Every structure is written in structure tokens, then in C-alpha cells.
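All remarks here apply to the structure that follows.
Quick caveat, the model's predicted, so the values are computed rather than measured.
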Amino acid sequence: MKIILVGGGTVGVSLIGNLLSEGHDITVIDTDSRVIEQISNTYDVIGYVGNGATFEVLRSVGVEDCDLLIATADSDELNLLCCLAAHKLGAKNTIARVRNPEYAGQLYELKDDFGLSMTINPERAAAQEIARVLRFPSATGVEIFARGKAELVSCRVPKDNVLVGKKLMELSSLGINVLICTVERNGEVFIPGGTFVINEGDNLYFTGAPKDIVKAFKKTGLYLNPVKSVMITGAGMITDYLSEMLVGDGFSLKIIENDKQRAEAMAKKYPKAVVLHGDCSDHELLSEEGIEKTDAFVSLTGLDEGNILSALYASRKNVNKVIAKVTSDNFFSMFKGKELETVVSPKLVTINEILRYVRALAASDSAGNALSLYKIVGGKVEVLEFEADGYMEEIIEKPLYSLGLKKNILVACIIRSNKVLIPKGSDSIMAGDRVLIVSAAQRINSLGDIVAE
């Protein structure tokens, strides 16, 4: 696809690398000539110095022929104006990064007027990811498919768990109606078969209906008691969004904030929460305020180092669920999955949300009707959601065992008439089904691509 990217900041640069690796043609616009020079010297892209919100600049880069314009500049207003101008000049799709919560309601009303295909608010998206994990504290990550009817949930296998040493084919005897579709072990990724043996420390990826995943976690001893109380350090925008989500669901919240004025504003906005003015990095204060008795600890200050240190302290105090926010890629890769199971980066959440849209858009140009695409295990595995149509004669109404699937391809889940089916070899894909496909080391653009030639 031909993609125009407005804004050469950290999000923009990360998007460039990902999009180029998937074969897209990229044009980058930025007002800073030094930024464009650096990007052009590093990546095989077209760089253009100018204001991406002007007709003149957009016409110069051929916006009328582009498949997608992505605006990730520092200014919300500039991003919205870029999308509006691109839409007026004929861009097929546009995405704007918009961070100001005051615009949220208006954007829904103005979406068509601005020609917006999608907007992404990094702080709100990060809060949503944290809220999903707090609602399912056993998980290291939760992804939603088929409008919430199916989930992909990851969880690390603890020592002495009932699953250790078991083959996947033996799990049915436990009454588990889910599928383990991917296993991450010591940096390696497996699309497991029935004889695969689970080890302590494996990070397992389960697919199934939400209620069935919960049942499976309970039966295997992976399920932690539901989180009822949450301690949060830092009262920035993510905390604001997260508090709104959690207070509405009945969670007990305690928020600690360094800035007195900000603490007072949060206390006024969320009277059901306990909001304290204090030093978020003071571990003695955290202990005094009952960190050892809280169900979950979330560190959301503006300092990565402080967030990590506080989260490690909470972990060593045996808090069941610990989450830390980081912005640095180095910190993210250094701590995630090791000393800290759940690390959230607003930047990476933003990039992943945009890339999911781009990949689904690219896949939807081919037969097979891809509805969404997710990358897991650091991008090593793709999970695609397709809608099967009746013209796919090589797949429809044929038993899965007879299809001859490509290597490292798995039919993980079938959603039919709002019911989630964990497929067996004798099951078939029917017209109208939504199908989750898990793929490692295979590029899948359409549902027909799962069959070996």
C-alpha cells in the first residue's frame, strides 16, 4: 500500500520500520529538515519537508493516490487538520493520533466530516490495556476478537502447576474447552501439536470464549483471585482514564500523586477513590499505605526508572498483580516477562493499534475478508481473524484434517452463530464463520493461504 506518514517523532519512526518490513511504500512529511534528513538516510522512504496539513504539500506527495495517511505529529489539531485535508483531496483512509480527552466526544460526531478512519489516544489505549489485565489478573496479556466473543489470553506457568509435564492432548481430561495455540519458551516460539509437553515457565497463549478461559484457568490453578483493590502511583492522564474505568466497575482505588494540585483535582473528580499527596518513590510511604494488602499495584508516574523500582518493590512485597508503565523501548524489553510480568508502553500500544488497522486494511484487499490482525510474542506470531465466504471451495465444509494446512499454521477458534468452537480435526469451516488463524513464519493474506499448495 502507499502510505503517507505525517510526523517523524518516535512513534512515526517506529511505524516506518514496521511498515517497510511489510512491503509498504512510505512517504514521510515533517516540518524539521533535520528529522527528514535523518529518516531518509536511515530508511528507504521518500522524505518531504513541509506542513502536512496544507493542500500544497499533500498534493506534492500524491495524497490523492494514497491508501492511507497517518498523522502522528505532536499537535492534536494538526493531526486532525492533516486528515481533513487528505480526505478532501481523495485519500482513501486516514488515522489521527489525538491525545486531548476533551476532543473524545466531538470526534465521534465529527468522524465522517473529518474523513477519519480511526483515531488513537495513547493514554486511553494504555489504560484500556491495563484495565483488561486487572479484570483478568492471572494474565500477562489479553486480546479481544469477534467483538468480545473470543479472547486470546497469555499466562506464564508457575512452579508445581498441574500443567507442568502434561501433553496438550491430555488437557481434555481436565474438562478444558480452550486451545493453547502458541507457547513461548526461553525466547523460542512453538505452534504446538497434541504431543507438546508443557514446562514450568512457559508462556502459554489460550484462545476460547471468555467464560471458558476463566474456567480453564480455575481448573488448572492458574487463576488468581479477582482484583478488588488497586494502588496507583502517579495521577497523570492514564490514571485519569483508568480510574474512570475501574471506579465504574466497583474497584477500590488508592492513588498517590507528587503534585498537590493534581492530587486535589483527582480527589474532586473521583470522590470514591482515596487520593493522597505524597512522594510516589517513597517505599516507606507505600508500605504505610498498605501496599502489602492491596491486590494490584500500578506504577504510572512520568519516570520510567521510578515506575520500575516501585513495581519491583511491590513485586517483592508479594502483591499479586504488578503493572509498570514505561516509555523507553530499552526498559520495556529489559524487564517485560522477567522480573515484571506486565509492562505497558503507551507508545507501543499506539504503534500496535495502528499496525493492526494497517494490516487488516492490507489483508482486506484480498479475498478472505480479514477483519483484524494481531502480532504476539514480540511480533513472531500473527493471529488473524477472517470471515469465511461460500466461494472458498477448497476450505468450506471440509473437515480440517483433510485440508493439508501449511506448517506452523493453526485454526485456533471458530465463531459460529455467536458461539465459540474449539475446532477438532473432524470439524469444518462454514460460510459466514469467523475464524482465528495463528501463524508463525508464514505470511497469511487471505483465509485460502492456510492450505499448502
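Interatomic distance, Ser75 OG to Leu81 CG, rounded to the nearest 0.5 Å: 9.0 Å. Expressed to the nearest 0.5 Å, how far CG of Leu69 lies from OG of Ser117 amounts to 10.0 Å. Here the CD1-SG distance, from Ile213 to Cys155, works out to 11.0 Å after rounding to the nearest 0.5 Å. In this structure, CD in Glu382 is found 12.5 Å from CG in Asn408, a value given to the nearest 0.5 Å. From Ser21, atom OG reaches atom CD1 of Ile16 across 12.0 Å, with rounding to the nearest 0.5 Å. From Asn320, atom CG reaches atom OG1 of Thr294 across 9.5 Å, with rounding to the nearest 0.5 Å.
Between Asn161 and Glu200, every side-chain heavy-atom pair lies at or beyond the 4.5 Å cut-off. Within the 4.5 Å cutoff, no side-chain heavy atoms of Lys272 are placed close to those of Phe251. Counting heavy atoms from C-beta outward, Glu289 and Met231 have side chains that approach closer than 4.5 Å.
A donor-acceptor pair is defined here as one N or O able to donate and one able to accept, closer than 3.5 Å; no such pair exists between the side chain of Arg132 and the backbone of Gly141. Remark: the backbone N or O of Asn199 is paired with a side-chain donor or acceptor of Asp202 at under 3.5 angstrom. A distance-only check finds no donor-acceptor pair linking the side chain of Ser439 to the backbone of Ile409 [under 3.5 Å]. Counting only distance, with no hydrogens or angles, the side chain of Asp240 and the backbone of Gly236 share no donor-acceptor pair below 3.5 Å. In this structure, Asp433 contributes its side chain and Val435 its backbone to no donor-acceptor pair below 3.5 Å. Asn258 contributes a side-chain N or O that, together with a main-chain N or O of Cys280, makes up a donor-acceptor pair within less than 3.5 Å.
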(request) Applying side-chain contact (heavy atoms from CB on, under 4.5 Å), run through Thr119 and Phe114 and close with a yes or a no. (result) CA-CA 11 Å; Thr119 60; Phe114 276 86; over 6 Å; no
(request) Check the pair Glu184 / Tyr205 against side-chain contact (heavy atoms from CB on, under 4.5 Å), numbers first and verdict last. (result) CA-CA 8 Å; Glu184 181 186 10; Tyr205 288 78; 3.9 Å; yes
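In this structure, Arg356 pairs ionically with Glu353, as a charged nitrogen and a carboxylate oxygen lie closer than 4.0 Å.
Taking every heavy atom of both residues into account, Thr94 and Gly115 meet most closely at OG1-O, 2.6 Å. Of all non-hydrogen atoms in Met1 and His24, the two that sit nearest each other are N-ND1, 3.2 Å. Scanning all heavy atoms of the two residues, the minimum distance from Ala150 to Leu436 falls at CB-CD1, 4.5 Å.
Side-chain contact, Ser299 with Thr233: a donor N or O sits under 3.5 Å from an acceptor N or O.
With sequence neighbours excluded, the residues forming a ring pair (Phe, Tyr, Trp, His ring centres under 6.0 Å) with Phe217 are Phe136, Phe206, listed by chain and number.
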Return a table of donor-acceptor pairs under 3.5 angstrom between the side chains of residues 166-182 and protein atoms on other chains or two or more places apart.
unit_1, atom_1, unit_2, atom_2, d
Glu170, OE1, Lys167, N, 3.0
Ser173, OG, Glu170, O, 2.6
Asn177, ND2, Asp212, OD2, 3.2

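Applying the side chain to side chain donor-acceptor pair (under 3.5 Å) test to residues at least two apart or on different chains, none of the pairs has a partner in residues 214-227.
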